[in-house]
J.: 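Provided herewith is a single structure, encoded as structure tokens, for subsequent inquiry.
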Amino acid sequence: MNITNDVFYVGVNDHEIDLFEGMYDVPNGMAYNSYVIVDDKIVVMDSVDQNFGDQWLSNIAEVVGDRKPDYLVVQHMEPDHSANIARFMEEYPDAVVVSSEKAFTMMNNFFSTDFSDRRIVVAEKDTLTLGRHTLTFVTAPMVHWPEVIVTYDNADKILFSADGFGKFGALDVDEDWACEARRYYFGIVGKYGEQVQALLKKASSLEIEKICPLHGPVLTENLGYYLDLYNTWSSYGSESEGVVIAYTSVYGNTKKAVHLLAEKLKENGCPKVAVTDLARDDMAEAVEDAFRYNKIVFATTTYNGEIFPFMREFINNLTERGFKNKTVAFMENGSWAPMATKVMSKMLNGCKNLTFTENTVTILSALSDASKSQIVALAKELTK
Ligand code: FEO
């Protein structure tokens with residue numbers, strides 16, 4: 001695949017993977033992207049997952065023909081991109097690795113060598129001239145690991161963005177970009193909004209015509225759309241007006257209450273109501289929705305004097321990613337000593353700029369006239 005006349009795609013699609021990063025469900029597989037820039041000098045941008053070394057090297061060989069790569073630029077050391085570095089260096093014994101100081105330390109940890117006689121260490125704004133193309137390296141610490149660099153090609157105005165602007169899903173499956181890019185962003189990079197903001201600020205001074213990430217499609221049109229979404233996500237703004245109701249239910253009584261609340265919210269004209277069963281639906285999707293919409297209702301049972309485990313996991317997922325700037329409501333169920341609202345409030349204590357609703361819902365085992373009235377009042381408050 002040609003990205004431009006002399007930039008080529010040499011990445012791979014993975015449909016065998018069960019969980020990305022050992023955690024994320026990827027029903028449409030995953031792409032590990034890699035690119036080759038052919039100029040007076042030839043550069044390969046990043047490697048791929050360990051299971052795809054043969055295919056990757058064969059893709060490179062097809063692009064370079066009789067020539068050989070001069071450089072391997074390593075932007076990120078997570079193994080989904082770095083696993084084949086040592087193999088590449090054996091295959092091309094004259095090639096040199098170009099990467100950040102921290103990445104070379106990680107190479108030593110992963111491969112017991114930092115290629116000390118075959119390496120170029122680059123730092124902020126260092127450049128590498130290939131002929132027509134000059135690459136400028138920009139540090140992007142914690143987007144998504146500390147060693148990360150991104151790379152700007154001045155000739156074709158391409159930003160090689162490492163994990164930034166990536167998504168779940170292989171490239172041979174057609175699907176909406178934002179849904180799986182958002183789930184990927186909040187799952188993987190969500191904690192590092194501040195660092196993503198810093199990178200966006202650096203990128204704003206560049207004239208960018210194409211974004212080549214390490215996962216997901218090359219972005220070539222309407223780049224403002226993607227940059228705007230990244231700006232919203234990384235600044236912890238809400239992308240859409242709506243209410244997420246995240247719940248757990250043991251015997252179905254909390255679920256009935258949740259569906260009654262959803263019905264009342266819709267009756268009141270709420271623009272979007274997203275209901276998620278934390279025990280059964282995808283946790284990463286629930287996390288994505290919590291950051292996406294401006295209001296959230298946490299609904300769960302008291303359990304062992306605490307809260308139901310899936311809700312605990314969900315709230316932990318939010319707090320460790322810097323959850324903030326939302327309107328929050330609680331719905332608790334408890335047959336003899338309801339504690340859930342108290343426990344959930346405490347868990348969210350450190351989150352900034354949360355507005356708690358005046359109305360909460362307490363269910364004593366099953367819906368009653370009293371709890372139904374609380375639901376009506378909460379729906380009214382959330383849609384006023
Ligand atoms: Fe795609 Fe952070 O590795």
Side-chain angles (χ1 to χ4, degrees), residues 9-35 44-53 55-56 59 72-86 88 97 99-100 102-107 109-111 137-151 159-171 173 177 180-200 203 211-219 226 230 233-234 284 287-288 317 320-322:
Y9 182 82
V10 290
V12 299
N13 288 317
D14 182 355
H15 285 289
E16 303 303 312
I17 187 169
D18 60 343
L19 295 173
F20 181 66
E21 289 191 358
M23 179 161 66
Y24 297 100
D25 197 23
V26 281
N28 288 333
M30 201 65 203
Y32 313 114
N33 297 341
S34 170
Y35 307 90
V44 176
M45 302 294 297
D46 292 294
S47 152
V48 297
D49 181 83
Q50 60 176 346
N51 295 326
F52 297 87
Q55 194 183 331
W56 176 61
N59 290 351
L72 173 64
V73 171
V74 174
Q75 300 186 110
H76 183 18
M77 275 302 295
E78 195 163 7
D80 51 334
H81 312 292
S82 68
N84 292 290
I85 295 174
F88 175 93
V97 188
S99 197
S100 66
K102 281 197 174 77
F104 283 111
T105 304
M106 291 182 181
M107 278 177 226
N109 296 339
F110 277 115
F111 312 123
F137 303 103
V138 176
T139 57
M142 301 320 295
V143 187
H144 139 233
W145 280 13
E147 84 297 358
V148 172
I149 51 172
V150 301
T151 306
L159 179 68
F160 295 93
S161 58
D163 274 343
F165 300 95
K167 68 181 273 297
F168 296 128
L171 297 190
V173 178
W177 184 86
E180 284 299 72
R182 189 189 300 104
R183 190 168 70 94
Y184 170 91
Y185 174 85
F186 284 111
I188 288 167
V189 200
K191 178 179 169 63
Y192 302 109
E194 204 176 299
Q195 290 82 351
V196 174
Q197 282 280 300
L199 179 60
L200 290 176
I211 297 177
C212 290
L214 289 177
H215 303 287
V218 172
L219 306 175
Y226 304 101
Y230 252 64
W233 297 343
S234 57
V287 169
E288 166 197 351
N317 268 308
E320 72 190 31
R321 285 168 175 76

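Atoms within a ligand are numbered from 1 in the order they appear, just like the ligands themselves. Basis for what follows: all heavy atoms, side chains included, without hydrogens, waters or symmetry-related copies. The chain is numbered in sequence order, starting from 1.
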J.: Do you see a donor-acceptor pair shorter than 3.5 Å between the side chains of Gln197 and Ser234?
T.: yes
J.: Please report, to 10°, the angle around atom 1 (Fe) of ligand 1 from atom NE2 (His215) across to atom NE2 (His81).
T.: 90°
J.: Specify whether an N/O/S atom of Glu78 falls short of 2.8 Å from atom 2 (Fe) of ligand 1.
T.: yes
J.: Can you tell me if Glu21 has over 12 outside heavy atoms packed within less than 6.0 Å of its CD?
T.: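 More than 12 within 6.0 Å, yes.
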J.: Under a 3.5 Å distance rule, please check whether Tyr24 uses its side chain to pair with a backbone N or O of Gly187 as donor and acceptor.
T.: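 Such a contact is found between Tyr24 side chain and Gly187 backbone.
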J.: Within His144, is some N, O or S atom less than 2.8 Å away from atom 1 (Fe) of ligand 1?
T.: no
J.: So that I can check it, does any N, O or S atom in His76 come closer than 2.8 Å to atom 2 (Fe) of ligand 1?
T.: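 Short answer: yes, at least one N, O or S atom is under the cut-off.
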J.: Would Asp80 count as a contact for atom 2 (Fe) of ligand 1, in the sense that one of its N, O or S atoms lies under 2.8 Å from it?
T.: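 Looking at Asp80, which is the residue asked about, there is no N, O or S atom under 2.8 Å from atom 2 (Fe) of ligand 1.
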J.: Count the heavy atoms of every other residue, nucleotide or ligand shown that sit under 6.0 Å from CD of Glu320, and state whether that count exceeds 12.
T.: yes
J.: When you measure from atom 1 (Fe) of ligand 1 to each N, O or S atom of Asp163, which atom gives the shortest distance?
T.: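 That would be atom OD1.
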J.: I'd like to know if the side chain of His81 reaches the main chain of Val48, judged simply by a donor and an acceptor atom lying under 3.5 Å from each other, with no hydrogens or angles considered.
T.: no
